[in-house]
Amino acid sequence: MNILIVGNGGREHALAWKIAQSPRADRVFVAPGNAGTDLDGENVPIEATDIPALLRFAQENDVRLTVVGPEAPLAAGLVDAFEAAGLRAFGPRRNAAELEASKVFCKDLLRQADVPSAEYHTFVNPDDAIKFLKDREDVPVVVKADGLAAGKGVVVCENRDEAIAAADLIAGQKIFGDAGSRLVIEERLDGQEASVLAVTDGRTIVTLQPAQDHKAAYDGDRGPNTGGMGAYCPTPLVDDAMLHWIEEHVLVPTVHAMKRARRPFRGVLYAGLMLTRQGPKVLEYNVRFGDPECQPLLVRLKTDLVDLLEATVDERLDQLGPLEWDPRPAVCVVMASQGYPGPYTKGLPIRGLVDADEMPQVKVFHAGTTVKNGHVVTAGGRVLNVTALGETIPKAKLNAYRAVKCIRWPGAWCRKDISDKAARVG
Ligand code: AMP
Ligand code: GLY
């Protein structure tokens, strides 16, 4: 069957690469894709949020399954539009994508479902938020814009003054626009972060192996927040016992609460967790594969991804056998443009891609790339996701960084410590 993947990042390249390996896949389209997705599939020049054009393309090209990578088209109702036209699309409907698209909705649902999460208050009026901050003890808090702000709507504050400034920027000056119409102010939690992703059809939950992202720009988790500078899987921070605890106390009650709220959840439920001394607590939910967590997850997944996605869409996940995994861990290093996460130049030619990709146990996923005059050039902040397997996490890390060394463009950089937190466990 023909399959359409929506999005243009490293996650979508990993999805295209994995889906193209399925004997069930005929043509694999990626809209709009990048230079890498055009090698493992066929790029289609339609933006990820242009739902009418995507629908028309799917109808005209006999697409039997559409897989949505990013959150924006899910929150905009892509799955609803496809279903209304009798087409199958993997991902939650608009009313279930609220779990990511509205932090107020998410926090209220977590509270109702009794899922462990930070204490919080919500505000519509910035003055009320500032009064609240002034009236209470000066403790570290996190100020969040309610809506989608491309991962930038969260300010982790050391003290009251920072929190007041953040509340004013988000809800007063509306620097994220309508996303800041409502505010969440929550208790700041301490601990290691981990990502636990599960695939669910609304009834059955298939938990994937735990991963860890690295959101800060620089080594040692310093510097500004980014979309994610690298990830590895599995992470020993979440052992089997903890994973079961998370299924029972986080994932299952969330899926049930969504069903009770008449917003059945189908797709990837991604719990961003803080592993606190009181146990794991949910920082946020995403309603899609994590980027870059998806990359190490998919190089390890042996099960046919099309079978998993189709069983989810058709609500028969209970009939799918257990997932099979490559026992080797995987490490993914993000190579970024000079200046990222701030402003950066695009269009720089990338060298060494083929050499890196041919190294054993290595796969180079493209994120921000395009083709210009027959050459692969940079086209984004996060440019490449160099992903490698290895017998152990340190060996996978070594393989990934060896491949990184082959690749060059002016100003290319990456974190040097991806997966080191795994070594500090135990
Ligand atoms: P979110 O988009 O809600 O995941 O927030 C982005 C990042 O902000 C998270 O990955 C954490 O590093 C940080 N963060 C969010 N909420 C909290 C919290 N309650 N305590 C500490 N850090 C947080
Ligand atoms: N890895 C973080 C995200 O996908 O939001």
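What's counted below: heavy atoms across the whole structure, side chains too, no hydrogens, waters or symmetry copies. Counting starts at 1 for both ligands and their atoms, following the listed order.
Taking every heavy atom of Gly290 and a limit of under 4.0 angstrom, the matching atoms of ligand 2 come to 4 (O). Each of the following atoms of ligand 2 lies closer than 4.0 Å to a heavy atom of Glu293: 1 (N), 2 (C). The contact set between ligand 2 and Asp213, taken as ligand atoms under 4.0 Å from a residue heavy atom, comprises 1 (N), 2 (C). For ligand 1, the atoms closer than 4.0 angstrom to any heavy atom of Arg188 are 20 (N), 21 (C). The ligand atoms of ligand 1 that sit less than 4.0 angstrom from a heavy atom of Met274 are 21 (C), 22 (N). Within ligand 2, the atoms closer than 4.0 Å to a non-hydrogen atom of Asn286 are 5 (O), numbered from 1 in the order shown. Listed by number with element, the atoms of ligand 1 under 4.0 Å from a non-hydrogen atom of Glu193 are 9 (C), 10 (O), 11 (C), 12 (O). In summary, the atoms of ligand 1 found under 4.0 Å from a heavy atom of Lys215, numbered by their order in the structure, are 10 (O). Below 4.0 Å from some heavy atom of Glu186 lie the following atoms of ligand 1, by number and element: 16 (N), 17 (C), 18 (C), 19 (N).
The aromatic rings of Trp17 and Phe365 stand perpendicular to each other, their planes meeting at an angle above 60°, with 30° marking the opposite boundary. Classified by interplanar angle (parallel below 30°, tilted 30° to 60°, perpendicular above 60°), the ring pair Phe289/Phe90 is parallel. Taking the six-membered ring for Trp and thresholds of 30 and 60 degrees, Phe57 and Phe29 have ring planes more than 60 degrees apart, a perpendicular arrangement. Taking the six-membered ring where tryptophan is involved, the planes of Trp413 and Tyr340 are tilted, since the angle between them lies from 30° to 60°.
Not a single donor-acceptor pair under 3.5 Å links the side chain of Arg88 to the backbone N or O of Val313. At least one donor-acceptor pair closer than 3.5 Å links the side chain of Arg160 to the backbone N or O of Arg136. Checked by atom type and distance alone, the side chain of Asp219 pairs as donor or acceptor with a backbone atom of Lys416 at under 3.5 Å.
Both the backbone and the side chain of Leu283 come within contact range of ligand 1, each with a heavy atom under 4.0 Å.
Within the set Lys103, Glu284, Lys144, the minimum heavy-atom distance to atom 15 (C) of ligand 1 is found for Lys144.
Residue contact check for ligand 2: Arg288 places a non-hydrogen atom closer than 4.0 Å to it. At a 4.0 Å cut-off, not a single heavy atom of Phe289 sits close enough to ligand 2 to count as contact. For the pair Gly228 and ligand 2, no heavy-atom separation below 4.0 Å is found.
Salt bridge Arg266/Glu83: present, at least one basic N to carboxylate O contact under 4.0 Å. We find that Asp221 and Arg415 are joined by a salt bridge, their nearest charged nitrogen and carboxylate oxygen being less than 4.0 Å apart. Contact check on Arg288 versus Glu100 returns a salt bridge, with a Lys/Arg side-chain nitrogen under 4.0 Å from an Asp/Glu carboxylate oxygen.
Summary of contacts: the protein heavy atom closest to atom 8 (O) of ligand 1 is Val154 CG1, 3.5 Å. Annotation: atom 13 (C) of ligand 1 to nearest protein heavy atom, Val156 CG2, 3.8 Å. Residue, atom and distance of the protein heavy atom nearest to atom 21 (C) of ligand 1 are Leu189 O, 3.3 Å.
Under the 4.5 Å side-chain criterion, counting only non-hydrogen atoms from C-beta, Asn399 is not in contact with Met359.
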